[in-house]
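Hydrogens, waters and symmetry mates are skipped; everything else that's a heavy atom, side chains included, is used.
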Amino acid sequence: GLADEDCLWYLDKNGSWHPGFDCDFFTFCCGNCYQRYCCIDPLKLITERQQKHCLAFSPKTIAGIASAVVLFVAIVATIICCFMCSCCYLYQRRQHMRTPFQGQEIPLSSYPAQLPCTYPVDPKAGPAPQPGYPLMAKYPPTAPAAQYPMYPAGPPLYNPAAPPPYLPPQPTYPGA
């Protein structure tokens, strides 16, 4: 049952690739992971299972797997850091999408504060304030009135009781 074992492809110690080959009847694949040949000595036999084990755990295979894992971790770490670093484009884009109306807030603290009334109090308006207490407004304070641009006044309204405006005498022409 051990006759006619095939030698699978392999890499030698220099990293050169060698294709697989078949051994003749009553010969075996002999050698090790880095050198294979056909022989009749069963003590030098390398089975196909052992050959596959050499391929799976060769230094180049392990180095390739390790470099792929390191590259994957580096890419994931870079993406995570870029989402957390304020100087990165992805972070700025995420913040912009989270608060799209952030720059359109209207600050309400720019209005001047209402000062208490310092005008003399009308005696008919009620009791005079007690000394030591500030004057209180009767109505809640309102926002300052809007300032409208000054426009010239329109024509005067017609008043029938008002005297007619002064008109200078008109010159008269003979024959007119």
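Taking all atoms of both residues into account, the shortest heavy-atom contact from Leu11 to Tyr34 is O-CD2, 3.5 Å.
The NZ atom of Lys44 sits 4.5 Å away from atom OH of Tyr37, with the distance rounded to the nearest 0.5 Å. Distance CG/Leu8 to CZ/Arg49: 14.0 Å, rounded to 0.5 Å. To the nearest 0.5 Å, atom SG of residue Cys38 and atom CG of residue Asp6 are 8.5 Å apart. Atom CG of residue Leu45 and atom SG of residue Cys39 lie 7.5 Å apart, to the nearest 0.5 angstrom. From Asn32, atom CG reaches atom SG of Cys54 across 7.5 Å, with rounding to the nearest 0.5 Å. Distance check, rounded to the nearest 0.5 Å: CG of Asp41 to CZ of Phe28 gives 8.5 Å.
For CD of Gln35, the number of neighbouring non-hydrogen atoms (other residues, nucleotides, ligands) closer than 6.0 Å is 12 at most.
At distances below 3.5 Å, not a single donor-acceptor pair connects side-chain atoms of Asn14 with backbone N or O atoms of Ser16.
Using cut-offs of 30° and 60° for the angle between ring planes, the Tyr10 and His18 rings count as parallel.
Here the two cysteines Cys29 and Cys7 have their SG atoms closer than 2.5 angstrom.
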